[in-house]
Asker: 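Pasting a structure below so you can have a look.
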Protein chains: 2
Amino acid sequence: MDKIKRSNNAPVAQTATAQVHAAIKQRILDGDYQPHQYIREASVACELAVSRTPVREALRELVSEGWLEAIPHHGARVAAWTEKDAHEVFEIRLMLEPIAVRLACRHMDNGRLAYLKTLATQMETLTESSIDPEACNELAALNHEFHRELISASGNQRLTALLDGVVRTSVIRRNFANYDATHLRRSMHHHREILQAIEADSPEWAESVMRSHLLAARDLHASFPESMPEASREIPN
Amino acid sequence: MDKIKRSNNAPVAQTATAQVHAAIKQRILDGDYQPHQYIREASVACELAVSRTPVREALRELVSEGWLEAIPHHGARVAAWTEKDAHEVFEIRLMLEPIAVRLACRHMDNGRLAYLKTLATQMETLTESSIDPEACNELAALNHEFHRELISASGNQRLTALLDGVVRTSVIRRNFANYDATHLRRSMHHHREILQAIEADSPEWAESVMRSHLLAARDLHASFPESMPEASREIPN
DNA sequence: CAACCCTTAATTGCATACAATTATAAATCT
DNA sequence: AGATTTATAATTGTATGCAATTAAGGGTTG
């Protein structure tokens, strides 16, 4: 009796607008649309065989989600990602996630904890095996799901939605291209330690580890200054 | 040589969509649209003498901003405000604003500080005079501007936008109806003390006062349990 | 009498046509 | 030749008409 889990809160591809929404987001993720490139309504409408109306609505949604930026009477273009953006996101995550984990200690239930453990195990298994691009994608997805589930346990739905938006827009390309074996192992250990702290019912411990986790990730990111030409890389954490 | 300040980042009422956006938001604020009431595209379009298209786009924007909630194939209705919502918002503000003020200490410049002082003075003047409804509106607006300007000084634009959204949706009715003279004086003192801490270049002090400020506001809010029937009141802080 | 199906009304979702605005570029004037 | 102006094309913004979906009410049937 597995409950259906929907990790992404994107609109289900039932209406045309939702389909266009998903399609454009995928193209941004895949790098088909490069930063600062304008997304023309007519082009997308033609390619996806729909009218401009659902395209317009999808673009508007993507703008409000931070994927695109709208210039009045000029259309929407892919949001570029600067070092300042990365800095801002880490600053915000450092304010929210550690305290969120602290709150999560109080509201954690066995089912969720078990799910988090399976996620951690899956990530560890992937880390130990070969590091092909496909595995990197999977690792990134699992990592996001882990963080999201942990935050969700705080019981604060607004907080979950907020962080979802903040973190999501920081992931342009889903790969761990510029990773570091040492960092990766430490990261996996952090995940385990957070779960152990929660089991030990020590909010301060869990909060502290999460803070270390994020600070380590920020440091790693700072050590890759502007290396990628077109789009920012995945930031492991 | 006053620089033009735009405290609200709402779309300027130039395009029809922006006008509809502003109009509906105002109606929500004024209580013309009550919680859980459906906003029909056709009605609004007729009343504002525009077509359904800009109405649709405005509604979609308001949904993404948290003013409305969309039910597929049923339209958008005014988001209701529960005690849980208020709790979540305070929890988030407590995570973000104190640290934001701490950061603001490092980036504060004289011009901004002077502006904050004038805001504080204006609020104090209003507090000392009579408490008519009009003064309450003005006080709430100044209070928002004060907090917003303070957070903005953190230098983190994303953080400013984030908090703007979180706080904004918590204000359904712009009044200080359920205020308390004692709280109000304490609140004004907090504002002054934060500015003094910043001038003294003491981030920890400023952060601590902001935390006290928010905790006091939360406590006040908790002491008015579900008193208002239709829409939530302004939460003074 | 209750449960089910079908019809109907209302509303949103989508497509197309047209208007308004702006960038581009050629042409003209100084 | 350089700057300015003006026409043109491309793109977004808006209006209207139609299709799809859903909720409700009346009718039918067991």
Side-chain angles (χ1 to χ4, degrees), chain A residues 6 9-28 32-80, chain B residues 6 9-28 32-80:
Chain A
R6 295 204 37 208
N9 55 358
V12 64
Q14 187 173 359
T15 175
T17 299
Q19 288 176 359
V20 175
H21 181 106
I24 295 178
K25 190 158 77 176
Q26 193 58 46
R27 290 189 183 187
I28 298 174
D32 295 340
Y33 290 146
Q34 304 219 344
H36 278 86
Q37 178 180 347
Y38 277 89
I39 313 291
R40 299 300 177 190
E41 298 175 359
S43 324
V44 177
C46 180
E47 291 170 18
L48 297 182
V50 293
S51 89
R52 272 180 52 215
T53 308
V55 176
R56 281 180 65 80
E57 305 200 341
L59 289 180
R60 216 166 256 272
E61 287 175 357
L62 289 164
V63 166
S64 70
E65 290 174 17
W67 294 99
L68 306 175
E69 52 186 355
I71 286 88
H73 290 102
H74 285 264
R77 65 179 186 183
V78 179
Chain B
R6 296 203 37 205
N9 55 358
V12 63
Q14 189 173 358
T15 175
T17 300
Q19 287 177 1
V20 175
H21 180 107
I24 296 179
K25 191 158 75 177
Q26 193 57 45
R27 290 188 182 186
I28 298 174
D32 296 340
Y33 290 147
Q34 303 218 346
H36 278 85
Q37 178 180 346
Y38 276 89
I39 313 291
R40 298 300 175 192
E41 298 176 359
S43 325
V44 177
C46 181
E47 292 169 19
L48 298 181
V50 293
S51 87
R52 273 181 51 216
T53 308
V55 176
R56 281 180 64 81
E57 304 201 341
L59 289 179
R60 212 166 259 270
E61 286 176 358
L62 289 164
V63 167
S64 70
E65 289 175 18
W67 294 97
L68 306 175
E69 52 186 353
I71 285 87
H73 289 100
H74 284 264
R77 65 180 188 183
V78 180

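The sequence lines fix the lettering, A, B, ..., with proteins before strands; numbering per chain opens at 1. FYI, side chains are in, hydrogens and waters are out, and symmetry mates aren't considered; it's all heavy atoms of this structure.
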Asker: What heavy-atom pair brings Gly66(A) and Ala79(A) nearest, and what distance separates the two atoms?
Answerer: O-CB, 3.8 Å
Asker: Are the side chains of Val78(B) and Gln34(B) in contact, using a 4.5 Å heavy-atom criterion?
Answerer: no
Asker: Just wondering, do Glu57(A) and Glu57(B) contact through their side chains at under 4.5 Å, heavy atoms?
Answerer: no
Asker: Which heavy atom of Arg40(B) sits nearest a heavy atom of His74(B), and at what distance?
Answerer: NH1-O, 3.2 Å
Asker: With the threshold set at under 4.0 Å for non-hydrogen atoms, list the residues of residues 52-60 of chain B touching DNA chain C in residue-number order.
Answerer: Arg52(B), Arg56(B)
Asker: Please table the atom pairs, donor to acceptor, closer than 3.5 Å between any side-chain atom in residues 42-51 of chain B and protein atoms at least two apart or in another chain.
Answerer:
{"unit_1": "Glu47(B)", "atom_1": "OE1", "unit_2": "Arg27(B)", "atom_2": "NH1", "d": "2.6"}
{"unit_1": "Glu47(B)", "atom_1": "OE1", "unit_2": "Arg27(B)", "atom_2": "NH2", "d": "3.2"}
{"unit_1": "Ser51(B)", "atom_1": "OG", "unit_2": "Thr53(B)", "atom_2": "N", "d": "3.2"}

Asker: Only counting residues at least two apart or in another chain, list the ones meeting side chain to side chain donor-acceptor pair (under 3.5 Å) with Arg52(A).
Answerer: Glu41(A)
Asker: What are the 5'-most and 3'-most nucleotides of DNA chain D lying under 4.0 Å from any heavy atom of chain A?
Answerer: dT11(D) to dT14(D)
Asker: Which atom names give the shortest non-hydrogen contact between Gln37(B) and Asp32(B), and what distance separates them?
Answerer: OE1-O, 3.8 Å
Asker: For residues 42-51 of chain A, which residues have at least one heavy atom under 4.0 Å from DNA chain D?
Answerer: none
Asker: Report yes if some heavy atom in the side chain of Ile28(B) is under 4.5 Å from a heavy atom in the side chain of Leu68(B); otherwise report no.
Answerer: yes
Asker: Measure the spacing between OG1 of Thr15(B) and NE2 of His21(B) and express it to the nearest 0.5 Å.
Answerer: 12.0 Å
Asker: Starting at the 5' end of DNA chain C, which residue's closest nucleotide do you reach first, Ala16(A) or His74(A)?
Answerer: Ala16(A)
Asker: Could you measure the distance from the CZ atom of Arg60(A) to the CD atom of Glu65(A)? Nearest 0.5 Å is fine.
Answerer: 14.0 Å
Asker: Just how far is it from atom CG of Leu62(A) to atom NZ of Lys25(A), taken to the nearest 0.5 Å?
Answerer: 7.5 Å
Asker: Nucleotide range of DNA chain C contacted by chain A, 5' to 3', under 4.0 Å to a heavy atom?
Answerer: dG13(C) to dA23(C)
